[in-house]
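Just the heavy atoms: all of them, side chains too, but no hydrogens, waters or symmetry mates, feed the values below. Throughout, numbering of the chain's residues begins at 1 and tracks the sequence.
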Amino acid sequence: MRTSTKVFAGAGAFGLVVGGIYWFVTYEDAGTVLLLSMGFAVLIVAGYLLRRARAPLPEDRADAGPADAGDEPVGTFILGSAWPAWLALASALVAAGLLFGVALVALGLALAALAVIGLIREGR
């Protein structure tokens with residue numbers, strides 16, 4: 001079992017245990033549902049990781065060194081992009097729109113769509 005699977009399984013079990021305790025202490029519906037949902041969601045990720053388990057990763061072996069993970073693809077990281085800033089602005093507009101009006105939500109969602117499209121096109 002990989003380390004990440006153990007972490008997710010532990011977090012899921014924690015959410016379920018805390019959700020059960022929370023229900024018996026407070027009898028409050030919303031918090032209980034949120035805690036139990038968090039536990040089940042994280043357990044779904046743990047189940048997926050357990051199902052997709054393959055050969056041990058370098059971080060799971062005690063004798064591994066930095067060179068053992070040298071062939072793994074890391075991905076493309078675009079350092080000079082302005083799209084993350086636009087996406088942050090769009091998120092702020094959506095949040096402000098929830099308080100001040102639907103027009104800001106619409107503007108924020110349109111800007112978020114534009115920023116996501118920009119990020120996708122720039123990552124190619």
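Taking CG from Leu50 and CG from Leu43, the interatomic distance works out to 11.0 Å, rounded to the nearest 0.5 Å.
Listed by first then second residue, pairs satisfying side chain to side chain donor-acceptor pair (under 3.5 Å) with a partner in residues 83-100 number zero, not counting sequence neighbours.
In plain terms, the two heavy atoms of Ala9 and Ala46 that are nearest each other are N-CB, 3.6 Å. Closest approach of Ala90 to Ala112, counting heavy atoms only: CB-N, 3.4 Å. Summarising the geometry of Leu119 relative to Pro84, their closest heavy-atom pair is CD2-CD, 4.0 Å, with the distance given to 0.1 Å.
When the side chains of ILVMFWY residues are joined at heavy-atom separations under 4.5 Å, either directly or via intervening members, Leu93 and Val105 end up in two distinct hydrophobic clusters. In the hydrophobic clustering of ILVMFWY residues, with side-chain heavy atoms under 4.5 Å counting as a link, Leu114 and Leu109 come out apart.
Remark: Phe14 engages Val18 in a side chain to side chain contact (heavy atoms under 4.5 Å, CB included) (not counting sequence neighbours). For Tyr27, the ring-ring contact (aromatic ring centres under 6.0 Å, His included) partners at least two apart in sequence or on another chain are Trp23.
When each of Asp29, Leu35, Leu36, Leu34 is checked for a side chain to side chain contact (heavy atoms under 4.5 Å, CB included) with Thr32, only Leu36 meets the rule.
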Check the pair Leu99 / Leu104 against side-chain contact (heavy atoms from CB on, under 4.5 Å), numbers first and verdict last.
-> CA-CA 9 Å; Leu99 294 174; Leu104 285 177; over 6 Å; no
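Residue Ile117 belongs to no hydrophobic cluster, having no ILVMFWY side-chain heavy atom closer than 4.5 Å to its own. Through direct or relayed side-chain contacts under 4.5 Å between Ile, Leu, Val, Met, Phe, Trp and Tyr, Val17 connects to Ile21, Val25. Annotation for Leu49: hydrophobic cluster partners, listed by chain and number, are Phe8, Met38, Val42, Val45, Tyr48 (ILVMFWY side-chain heavy atoms under 4.5 Å, direct or chained).
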